[in-house]
Amino acid sequence: MSTTEPSEDISRVYRFLSQCMQYPDAEWLNHEFLNVLYNLLGTLGAVEEGAAIKKELDSAEDYIEDLQVEYTRLFINGIPHVIAPPYGSIYIDKSLQGAFAGDTLAFYRDKGFGMNDDADLPDHLIHELEFLSLLVEEKDFAGEQEFLNKLFRPWYEKFHSKVTEGTHHPYYRVVVQLIDFLLRRKTKMAFNLTRRKFLQTASLAAASVPLSKVVSANTGVTKAALDTKGTAGDKTVVGGICEMCFWRCQLVGKVRDGRLMKLEGNPKSIDNGTSICARGNAGVKLLYDVDRLKYPLKNVGKRGAPKWKKISWKEALDECGAKLKNTVDKYGPQGICVFPHGSSAKYPMHYFERAVGTHNVSEASFFQCRGIRDTAYLATTGKPPGEKVDMANTKVMFFIGNHLGENVHVSHIKQYIKGLQNGAKLIVADPRFSAAAAKADIWVQIKPGTDTAYMLAIMNYLVKNNKYDKAFVEDYTEGFEEFAEAIKEWTLEKAAKECDIPAGQIKEVAEMLAANAPHVAIHPGRHVSWYGNDFQRQRALACLTGILGAYYVKGGWVPAKGPKVGKVSWAKGEADHTYDLNINHQDGTKQYTNKPPGTPTELIRDCAISGKPYPIKSCVLWGQNPLQTIPNQEKMKDLFLAMDFVMCVDVMPTDATAWADILLPESSYLERYDYIKKGTQWDLSKKHQQFIAARMPLVEPMFERKDQIYITNEIAKRMGNESKIPVQTIEELVDKSLATANLSIEKLKAEDGIHIQPGKDPYGIPEDFTVVLYNEDLVDDGHPGAPTYKAVPDNPEGFARLLYGRTPVHTFNRSQNNVWLHNAMPDNPVWINNEVAAKLGLIDGDTVGFVNSEGVESATTTTVKVTAGIRKDCVYMYHGYGSANPALSIGHGTGVDDQSLITKLAVDPETGCNGMRNNFVKLIKDGRVLDIPA
Amino acid sequence: MQYGMIIDLERCVGCHACTIACRAEWEVPVPYQRNWVKRLGPTMTDDGMAATYYPGLCNHCDKPPCVDECPADPVEMTFKDAKSGKTKTMEVAATWKDPFDGTVQVDKGRCLGCGACADACPYGARYVDPALADDDSEGKVDKCTYCKPRVEQGLQPACVQTCIADARIFGDLSDPNSEVSQYVRKGAKGLEVKDGHIGPNSRYFGNKKDMGLLFADYTPELADMGSVKRRAMMASMVKPAMRKAKDIGILGVAGAMLVKTLSEDNEKK
């Protein structure tokens, strides 16, 4: 029998309940603790409940690990998704860090309490119980009651039922019941005892006065105001740089009570101005996404079918360090392969390349996206082209497959719209009536894969009819004669046949370009890894720009003259190509002569899976989801299975994170310093200005999310590379980079996040500029010297070519779990030609699945969009849908994953990049496979 | 003064920045919306292949059919012109058209959540949020306010501020020199109802082909006001009755019948 003060008893009960809900650990969840729990349950008449727990624990091989896995699944990052996040504001505000969390913290503060640095969010169940314990200890029973009514009971009931429905373990079922029993107002007869009896038995009768208040009815929660406030009165925080996509618009945040309410374009920006796109606006929903990674996780299940267990950072880093070091010791640095993406992946990528020394790095942004563009222009003009076309001041825009409007980058769209408003003509070649085609003067409904033939015919026509820029060709090009000779076979008629478009239209386009040259914007494209013949198409674009004299002139290809800011990263070592998979070691030649930086993906995958020419045994994923960027998902899974160790760092769960052994949570772009964005005013004809803006956090990171410098450095220390660490913190890295431009974080903050300085006139051809129309080096490497058309495989009978592209509300797969963006476009309808649809008996809105020509079926279905705006030989869908990882409670299984149907590999011979539009599909409706009519 | 908004379809790229910015600014819960972007086409029209967008929002109509239908008890309300300081007092229900700036606004505090105004709107620009239900209502209606609280502070509406293509222009249609008035002179048109005149003040500008597609697909008809009125009337009768019935624990036969009719109305929608 207790002889203490009743307040002390109640306080202990609260603290005991809080302890019960802590992350399970052998330190406290030992036999002594369990005995106390069983005794308490016994006292309550809940002997059976206690016995159920005991039975489960006694039969477990490792009961702590079982409980850890269950805790992680229920409360942290669950499969299929987190079952019952233990935060009040999830239930009240439908968001983490909602106003409810702020109210809770305010209540703590009002009572003279605060949160420790290492605490979880204020509205976490554990903290609420701890707080109640402290309040009662101070005998503030009125406060206790008020808190229970306002900030505990309103959400606990929902939480309780979620746990009860979702848990697999009696421990949590009983513990939440116990809390419910002791703290709820209306007691269900959960245990075989009344609350009153318990209070007596537990010697708490003396406390019946305050506790009777607990059970007495009282007013509910104060209702939130009916009208939302709007953000005009919120605090503005400067320094954000968006990374919902990779254009990196400059932001400000609107913050209310520590919660980021809204993102806006930074009014000081000369790039995006106050504009941000749908994705940028939805950044707050990524920030507070309850499915986001929160703590380091260890997979105690299988790769691909994970069972997650929360572990400490120390344990996670120790394991990553030891496993990676073991790979290096046993197989050499080349035994590690890295798949990075995004600005936070640069520093770790450089670590593995430069300090560890592996070549086996495959960036999706190169090998499955724009690398071909860059190396093709490098082989033509010596410069990667970016998307540096002066659309705002041009007379004609020429797009091959660009679908601006569906593909959205804010300042790029501003240039495009300004150009159109100024009366520029727009030519769009696309098998589909895209968002850009809808604004075009000429829509070239080209047969997929034949773009190079189309451009060769345009160029041949210009040459044959003396409509090219002779002065430019004379002064700034090489190899014109050989070039002209090489393309001479491409008459309008020949191309018309190959491309399935009218010869007259090709002529019309050529004439339009010639009449407006050199003020023509031949767009280099962005995602260009399409058909495995892409290097030649990109060369053709670069050469077409050349013979029109459209480099460095108003309306042409013009690189703006931006500011210089130095980069700080791991020191480069001496180049050693012994284990470079791209080098043929017999003769020293390169397999892919024009590859982008890194090693072509298929060389890495083949080596890793076969073990030849050497073993690759560890895989690092950092911000990349290779299952939905790289074709042939089964091959990627084979790579994962061939590894001794797979680690992954990301912000959100993805299909790939399910294959990690250790999964580390990274702070998002809104919570960290890192990227330095620089550039000029978007309209090149306006006052010349330059800007520099560093990414600065708008809010503090929640949970145990860490930035890339911390994670990389800690791993480096454990791999014996401590002496090579270039910077200790992310702030140091940013400050050192900024110092090269005489700036600092502090100065940037004082300048509202963006430094602006006078710029330079971008127009005017540099003296040494040369366009290599016929490239002898390419000939030496066994490639054609002039752009050359290589036909792609035709549709097998009964199949349509699968084309994919972007939606303006998503960035690939990355944003699929964002509730606002998902709601704007919940699935990816497949576009199908209206005549084809009529023959197949399909109507708008029908549900269909797919099977590709290699027999791979889509795991999910989508709807049909019947339209005259697509050719009959292809179908089209938005990329990035259909996530397979159930940890994404919103994005999982919505729409079809186009990538799952892209299984046939088409590797570009010059660059080693993956072409992804040589796959063919049939539709499946109601279990019936539909042959696509020819 | 009459606020209005122009949406320039020549500029619009259909990116949804406007709809998401509105969500963030006003915490509009999914799946409801104060504004929307629908994609039209591609489809073959008399003017050739066409595709465009329908970025929609409240039209703050000259004669808003929604306002007349509100069954909430009228109260006297004094309005003030921000510029001249003039005031005007009039009787309004829980939704009204502002006599000075021409916007249509809602008082959620007095809203019964009956949805009659939402049914009356030919554009579907209003929704009832059941999460805001209280003792006096089944929810609260919500809609675009033309960002009145922002505009009064000299800011642009959230959708206008974020628009990446400057396709949304906000201003005073009664000022002939405003940009919005210049657009009207160039041919910007509202989606006026078929066989009626309610004077929508969110207006669209575009080429013949795109405007043709938009107006063919989204010219609305006036709602069946008979059923709207019936709904509003019953709401005004039933709400207090239902409350009372709930309080005494009995729902009378007549009340039950009314509730049944209401729910049938819902199903027909």
Side-chain angles (χ1 to χ4, degrees), chain A residues 93-94 223-233 254 261-265 272-285 404-406 408 410-411 413-414 416-417 420-421 432-439 443 445 808-809 819-825 831 834 867-870, chain B residues 8 10-31 33 36-37 39 41-44 48-53 106-109 111 129 131-132 134 140 142 145 147-150 152-156 158 160-167 207 209-210:
Chain A
D93 298 311
K94 312 280 178 236
K223 275 241 163 204
L226 286 171
D227 281 305
T228 51
K229 281 186 188 165
T231 63
K254 294 289 178 178
M261 300 301 296
K262 190 180 180 216
L263 294 159
E264 295 182 352
N272 56 287
T274 60
S275 304
I276 49 175
C277 71
R279 294 160 292 163
N281 271 294
V284 292
K285 284 289 162 185
L404 298 195
E406 287 157 313
V408 166
V410 173
S411 55
I413 294 288
K414 286 186 184 293
Y416 164 65
I417 294 297
L420 291 177
Q421 289 282 307
R432 180 181 68 102
F433 196 69
S434 64
K439 293 201 187 303
W443 173 38
Q445 200 178 5
V809 303
V819 63
W820 288 348
L821 298 175
H822 170 81
N823 184 254
M825 236 169 255
W831 292 42
N834 53 339
T867 174
I870 188 164
Chain B
D8 184 341
E10 295 279 79
R11 290 172 167 270
C12 178
V13 294
C15 77
H16 279 263
C18 47
T19 67
I20 309 289
C22 179
R23 269 196 200 294
E25 180 67 35
W26 300 111
E27 303 170 59
V28 181
V30 166
Q33 55 196 12
W36 58 88
V37 176
R39 186 173 186 159
T43 189
M44 191 54 84
M49 189 72 77
T52 188
Y53 310 95
V106 170
D107 177 0
K108 286 201 184 77
C111 172
D129 183 357
L132 297 180
D134 56 21
K140 298 292 178 187
D142 189 54
T145 65
C147 274
K148 190 176 167 86
R150 288 175 61 88
E152 282 175 350
Q153 292 183 54
L155 298 169
Q156 290 281 353
V160 174
Q161 175 180 297
T162 204
C163 179
I164 68 172
D166 293 330
N207 62 42
K209 191 170 72 168
D210 292 347

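To find a chain, count down the sequence lines: A is the first, B the second, and so on, and within it residues start at 1.
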Could you measure the distance from the [atom1] atom of [X] to the [atom2] atom of [Y]? Nearest 0.5 Å is fine.
| X | Y | atom1 | atom2 | value |
| --- | --- | --- | --- | --- |
| B/Cys15 | A/Ile413 | SG | CD1 | 7.5 Å |
| A/Gln421 | B/Asp8 | CD | CG | 5.5 Å |
| B/Glu27 | A/Met261 | CD | CE | 3.5 Å |
| A/Ile276 | B/Gln161 | CD1 | CD | 8.5 Å |

Please report the shortest heavy-atom distance between [X] and [Y], naming the atom on each side.
| X | Y | result |
| --- | --- | --- |
| B/Ala51 | A/Ala438 | O-CB, 3.5 Å |
| A/Trp820 | B/Val28 | NE1-O, 4.5 Å |
| A/Lys262 | B/Ala158 | NZ-CB, 3.8 Å |
| B/Tyr53 | A/Ala435 | OH-CB, 3.4 Å |
| B/Ala17 | A/Asn281 | O-ND2, 3.5 Å |
| B/Arg39 | A/Trp831 | NH2-CH2, 3.6 Å |

Heavy-atom pair count under 4.5 Å with chain A, highest-scoring of B/Ile20, B/Thr43, B/Asp210: B/Ile20
With respect to chain A, which residue among B/Arg150, B/Gln153, B/Arg23 yields the maximal number of heavy-atom pairs within a distance under 4.5 Å?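 The residue among B/Arg150, B/Gln153, B/Arg23 with the greatest pair count is B/Arg23.
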Chain B contact via [X] - side chain, backbone, both or neither, heavy atoms under 4.5 Å:
| X | result |
| --- | --- |
| A/Lys94 | neither |
| A/Arg279 | neither |
| A/Ser411 | neither |
| A/Val408 | side chain |

Below 4.5 Å from any heavy atom of chain A, which atoms of [X] appear? Answer side chain, backbone, both or neither.
| X | result |
| --- | --- |
| B/Cys163 | backbone |
| B/Ala165 | both |
| B/Cys12 | backbone |
| B/Lys108 | both |
| B/Pro31 | both |
| B/Glu10 | both |

Partner residues of B/Asp107 under the salt bridge (charged side-chain N to carboxylate O under 4.0 Å, His left out) criterion, sequence neighbours left out: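 Salt bridge (charged side-chain N to carboxylate O under 4.0 Å, His left out) list for B/Asp107, sorted by chain: B/Arg110.
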Any side-chain heavy-atom pair from A/Ile417 and B/Asp166 closer than 4.5 angstrom?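 No, every pair of side-chain atoms sits at 4.5 Å or beyond.
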Hey, which of [options] has the most heavy atom pairs under 4.5 Å with chain B?
| options | result |
| --- | --- |
| A/Tyr416, A/Trp443, A/Phe433 | A/Phe433 |
| A/Ser275, A/Ala282, A/Gly233, A/Pro808 | A/Ser275 |
| A/Ala278, A/Ala437, A/Gly265 | A/Ala278 |

Report yes or no: does A/Glu264 contribute a side-chain atom to a donor-acceptor pair with the main-chain N or O of B/Thr162 at less than 3.5 Å? no
